[in-house]
A.B. asks: 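Please see the structure below; I have some questions.
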Amino acid sequence: MKIEEVKSTAKTQRISAHSHIKGLGLDENGVPIQMAAGLVGQESAREAAGLVVDMIRSKKMAGRALLLAGPPGTGKTAIALAIAQELGNKVPFCPMVGSEVYSTEIKKTEVLMENFRRAIGLRIRETKEVYEGEVTELTPVETENTTGGYGKTVSHVIIGLKTAKGTKQLKLDPTIYESLQKEKVEVGDVIYIEANSGAVKRQGRSDTFATEFDLEAEEYVPLPKGDVHKKKEVVQDVTLHDLDCANARPQGGHDIMSMMGQLMKPKKTEITDKLRKEINKIVNKYIDQGIAELVPGVLFIDEVHMLDIETFTYLHRALESAIAPIVIFATNRGRCQIRGTEDIVSPHGIPLDLLDRLLIIRTMPYNKAELLQILKLRAVTEGISIEDDALSTLSEVGASSTLRYAVQLLTPAQLTARAEGSTKITPAHVTQVHRLFLDAKSSARILTQQADKYMK
Ligand SMILES: Nc1ncnc2c1ncn2[C@@H]1O[C@H](COP(=O)(O)OP(=O)(O)OP(=O)(O)O)[C@@H](O)[C@H]1O
Ligand SMILES: [Mg+2]
């Protein structure tokens with residue numbers, strides 16, 4: 001199994017609607033602070049979420065599942081993301097939306113499986129023989145091409161490495177020069193080179209260079225201690241899906257057909273059940289030998305009522321397996337029909353047997369004061385200046401419609417204010433845009449009132 005050059009496949013996504021959320025906002029006893037870390041109110045749900053975070057950290061939660069249930073706009077997605085923030089980047093967190101399973105190309109269960117494995121981490125510790133230090137010199141030594149071509153080839157590369165204890169000059173194979181180039185190593189970087197494989201890892205820029213102005217955020221690392229040539233414990237955090245991907249690259253050679261194949265189907269790699277089983281076997285071996293440690297992460301399935309009976313059944317089984325993450329569901333549905341069935345109605349659209357295994361956290365509608373606080377937070381995050389009166393008008397709008405609608409009115413109101421040459425949003429601007437746009441409830445009311453005017 002390949003673990004040398006495993007690339008992280010973690011999903012990156014913009015979650016701008018929740019960018020103000022930095023955590024659960026609990027004190028050291030796990031009691032929620034009314035307004036902290038970007039979250040407001042919803043205290044019991046946040047306290048419960050805090051307990052879940054503790055259970056995940058102490059690894060008592062694997063294979064269990066949690067449901068966040070409550071009306072729209074009551075902060076379910078927000079709390080799930082806060083849980084992710086609390087867990088930090090060492091614990092994998094894989095967010096998905098129920099409807100993601102419906103694709104014409106990939107089987108529903110395949111999508112679920114992939115996300116399951118994205119949510120299971122593996123921390124691999126290996127003691128490796130390495131050369132480590134700050135690069136003091138990097139000189140490729142060229143010779144005339146012996147095969148009679150025009151260009152020159154690199155015969156070897158001279159590299160100087162410095163640690164707090166000493167310096168060493170190494171003469172390296174040209175293949176290592178390639179990996180040095182791939183990692184974009186320059187003089188002043190701290191790197192290590194594995195003695196066995198020749199793999200190069202750039203750890204960051206030496207902090208003696210930290211005063212320079214850099215456009216890009218660089219990671220500065222201290223000058224390594226100890227000798228240049230030493231044994232070093234290397235820790236790698238990967239997910240099972242990273243391993244699947246790294247080992248599933250098309251095995252094709254360099255002939256034209258297989259190169260074409262790769263062009264036509266970019267990044268499409270076949271991860272088979274057989275490969276997964278194989279990887280599980282090796283992972284288990286590593287765990288037994290104490291080289292690797294399993295880090296169960298979180299799979300967050302938002303809008304879980306979008307799943308159908310087939311995927312629910314599959315989920316249920318996957319939760320029972322030996323290697324399973326913690327699953328967090330969220331839904332705003334009450335009793336509704338389970339997708340893919342003719343007539344089975346169930347709470348939250350989740351089959352009863354699965355529901356029976358869940359811990360449920362309820363979220364409640366906000367009162368006006370809380371709405372005002374949340375709107376204020378959003379205004380600050382979006383860099384919108386708004387008068388206090390206008391905020392309270394807006395929170396009234398939020399109370400009679402939904403929080404989300406009120407949040408969405410912020411930007412149009414700002415534009416209106418600007419058009420009128422005002423820097424701050426006033427209550428008049430809020431009423432003006434509220435008249436222009438409809439919230440879901442009013443829209444539905446109009447639809448029923450004027451049903452005869454619309455096409456059926
Ligand atoms: N307690 C809170 N503190 C701060 N911001 C919140 C809070 N609750 C919700 N928000 C913000 O309000 C907006 C709507 O909340 P969110 O999307 O979490 O609702 P939801 O319960 O997931 O709704 P739905 O059921 O429609 O998915 C988001 O921008 C969210 O960040
Ligand atoms: Mg949501």
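One-based numbering, in listed order, for ligands and for the atoms of each. These figures come from a predicted structure and were not determined experimentally.
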A.B. asks: Can you name the one residue among L354, L67, L358 that meets side chain to side chain contact (heavy atoms under 4.5 Å, CB included) with H348?
C.D. replies: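 For H348, the side chain to side chain contact (heavy atoms under 4.5 Å, CB included) test succeeds with only one of L354, L67, L358, which is L67.
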A.B. asks: Which bit of L39 is near ligand 1, meaning a heavy atom under 4.0 Å away: side chain, backbone, both or neither?
C.D. replies: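 It is both parts that get close, each with some atom under 4.0 Å.
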A.B. asks: Under 3.5 Å between some N or O of ligand 1 and some N or O of A17?
C.D. replies: yes
A.B. asks: Between ligand 1 and L403, is the shortest N or O to N or O distance under 3.5 Å?
C.D. replies: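 L403 vs ligand 1: no N/O contact under 3.5 Å.
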A.B. asks: Which protein non-hydrogen atom lies closest to atom 16 (P) of ligand 1, naming both residue and atom, and how far is it?
C.D. replies: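 Closest protein heavy atom to atom 16 (P) of ligand 1: R404 NH2, 3.5 Å.
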A.B. asks: Could you tell me whether D302 and ligand 1 have an N or O pair separated by under 3.5 Å?
C.D. replies: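 No, since none of the N or O atoms of D302 sits under 3.5 Å from an N or O of ligand 1.
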A.B. asks: Would you mind checking which non-hydrogen protein atom is closest to atom 9 (C) of ligand 1, with the distance to 0.1 Å?
C.D. replies: G75 CA, 3.4 Å
A.B. asks: To which protein heavy atom is atom 22 (O) of ligand 1 closest, and what is the distance rounded to 0.1 Å?
C.D. replies: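 Result: T77 OG1, 2.7 Å.
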A.B. asks: Just to be sure I read this right, does ligand 1 sit under 4.0 Å from the backbone of H20, its side chain, both, or neither, counting only heavy atoms?
C.D. replies: side chain
A.B. asks: Nearest protein heavy-atom contact for atom 7 (C) of ligand 1: which residue, which atom, what distance?
C.D. replies: Y366 OH, 3.2 Å
A.B. asks: Is G73 near ligand 1, meaning one of its heavy atoms is under 4.0 Å from it?
C.D. replies: yes
A.B. asks: Does ligand 1 have an atom under 4.0 Å from some heavy atom of G38?
C.D. replies: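 Checking ligand 1 against G38, which is what was asked, there is a heavy-atom contact under 4.0 Å.
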A.B. asks: For ligand 1, find out whether one of its N or O atoms is nearer than 3.5 Å to an N or O atom of V40.
C.D. replies: yes
A.B. asks: Between E278 and K274, is there a side-chain N and carboxylate O pair less than 4.0 Å apart?
C.D. replies: no
A.B. asks: Consider every N or O of R378 and every N or O of ligand 1, then say whether any pair is closer than 3.5 Å.
C.D. replies: no
A.B. asks: Select one of side chain, backbone, both or neither to describe which atoms of T331 lie under 4.0 Å from any atom of ligand 1, heavy atoms only.
C.D. replies: neither
A.B. asks: Check contact between E303 and ligand 1, using heavy atoms of the residue and a distance below 4.0 angstrom.
C.D. replies: yes
A.B. asks: On the ring face of Y102, is R339 found with NZ or CZ under 6.0 Å from the centre and within 45° of the axis?
C.D. replies: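 Relative to the ring axis of Y102, which defines the angle, R339 lies inside both limits.
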A.B. asks: If you take all heavy atoms of E134 and P224, which pair is closest and at what distance?
C.D. replies: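 Answer, listing the atom of E134 first, then P224: N-CD, 4.4 Å.
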A.B. asks: For ligand 1 and K76, I'd like to know whether there is a polar contact (N/O to N/O, distance under 3.5 Å).
C.D. replies: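 Checking ligand 1 against K76, an N or O pair does fall under 3.5 Å apart.
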